[in-house]
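Below is one structure; the comments refer to it alone.
In this text the structure is predicted, and so the values were computed from the model without any measurement. All heavy atoms count here, side chains included; hydrogens, waters and symmetry mates do not.
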Amino acid sequence: MSGGDWKDMFGAACAGDLDTLRHHLAAGVDPDYVHPEYQSTALVACLLERQAAAADVLLDHGASPVLESPLEGQTPVQAARQVRLQAVEQRLRAMGAPDPEPPRTTGSGWFGRLSRS
């Protein structure tokens, strides 16, 4: 396996492939990077896929518990609450994430804003 690759790391987080996820994070991939093609954070994306263990790995490697994902227009706490991952939501809150406002409706990320134009 080569050095870190953000797209592969993102896919591993969403699929729950913890070994590959850890490999890329150990190789220095930024867990908070938002790729211009994806416009999503790995943490919010993996939470929406119900990958609690991957979320824990990302948080263990410095992912921000408060960074909103542009595509989904959600914070990690909002995503965890949406898919009912209470243990992850509690961890995020313990890390300083505020009690979330309900997610904005009709797609609050860039796609939702575009479709309302």
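The two residues Glu68 and Gly73 make their nearest non-hydrogen contact at OE2-CA, 3.6 Å. Scanning all heavy atoms of the two residues, the minimum distance from Ala54 to Leu21 falls at O-CD2, 3.7 Å. The heavy-atom pair separating Ala97 from Pro65 by the smallest distance is CB-O, 3.5 Å. In plain terms, the two heavy atoms of Pro31 and Ala42 that are nearest each other are O-CB, 4.2 Å.
Taken together through direct or relayed side-chain contacts under 4.5 Å among Ile, Leu, Val, Met, Phe, Trp and Tyr, Val66 and Val34 form parts of separate hydrophobic clusters.
With hydrogens and angles left out, the side-chain atoms of Asp5 and His24 include no donor and acceptor closer than 3.5 Å.
Using a 4.0 Å cut-off between charged side-chain N and carboxylate O, Asp60 and Arg22 make no salt bridge. Between Glu89 and Arg84 there is no salt bridge, since no side-chain nitrogen of the basic residue lies less than 4.0 Å from a carboxylate oxygen of the acidic one.
Every residue two or more places apart in sequence or in another chain that forms a side-chain contact (heavy atoms from CB on, under 4.5 Å) with Asp32 is listed here: Asp30, Ala63, Ser64, Leu67. Residues passing the side-chain contact (heavy atoms from CB on, under 4.5 Å) test with Ala79 are Val44, Leu47, Leu48, Gln74, sequence neighbours excluded.
Considering only heavy atoms from C-beta on, Phe10 comes within 4.5 Å of Ser40 through its side chain.
Under a 3.5 Å cut-off, the side chain of His23 and the backbone N or O of Asp19 do not form any donor-acceptor pair.
Put simply, CD on Glu72 and CD on Gln39 are 10.0 Å apart, with the number rounded to the nearest 0.5 Å. In this structure, CE on Met9 lies 12.0 Å from OG1 on Thr20, to the nearest 0.5 angstrom. Distance CD/Gln78 to CZ/Arg81: 9.0 Å, rounded to 0.5 Å. For the atom pair Asp56 CG and Leu18 CG, the distance stands at 9.5 Å (nearest 0.5 Å). In this structure, CD in Glu37 is found 9.0 Å from CH2 in Trp6, a value given to the nearest 0.5 Å. Rounding to the nearest 0.5 angstrom, the gap separating the OG1 atom in Thr41 from the CG atom in Leu58 is 8.5 Å.
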Report the C-alpha distance between Leu92 and Leu59 in whole Å, list the side-chain angles of each, state the deciding distance to 0.1 Å, and finish with yes or no for side-chain contact (heavy atoms from CB on, under 4.5 Å). CA-CA 9 Å; Leu92 291 163; Leu59 290 167; 3.8 Å; yes
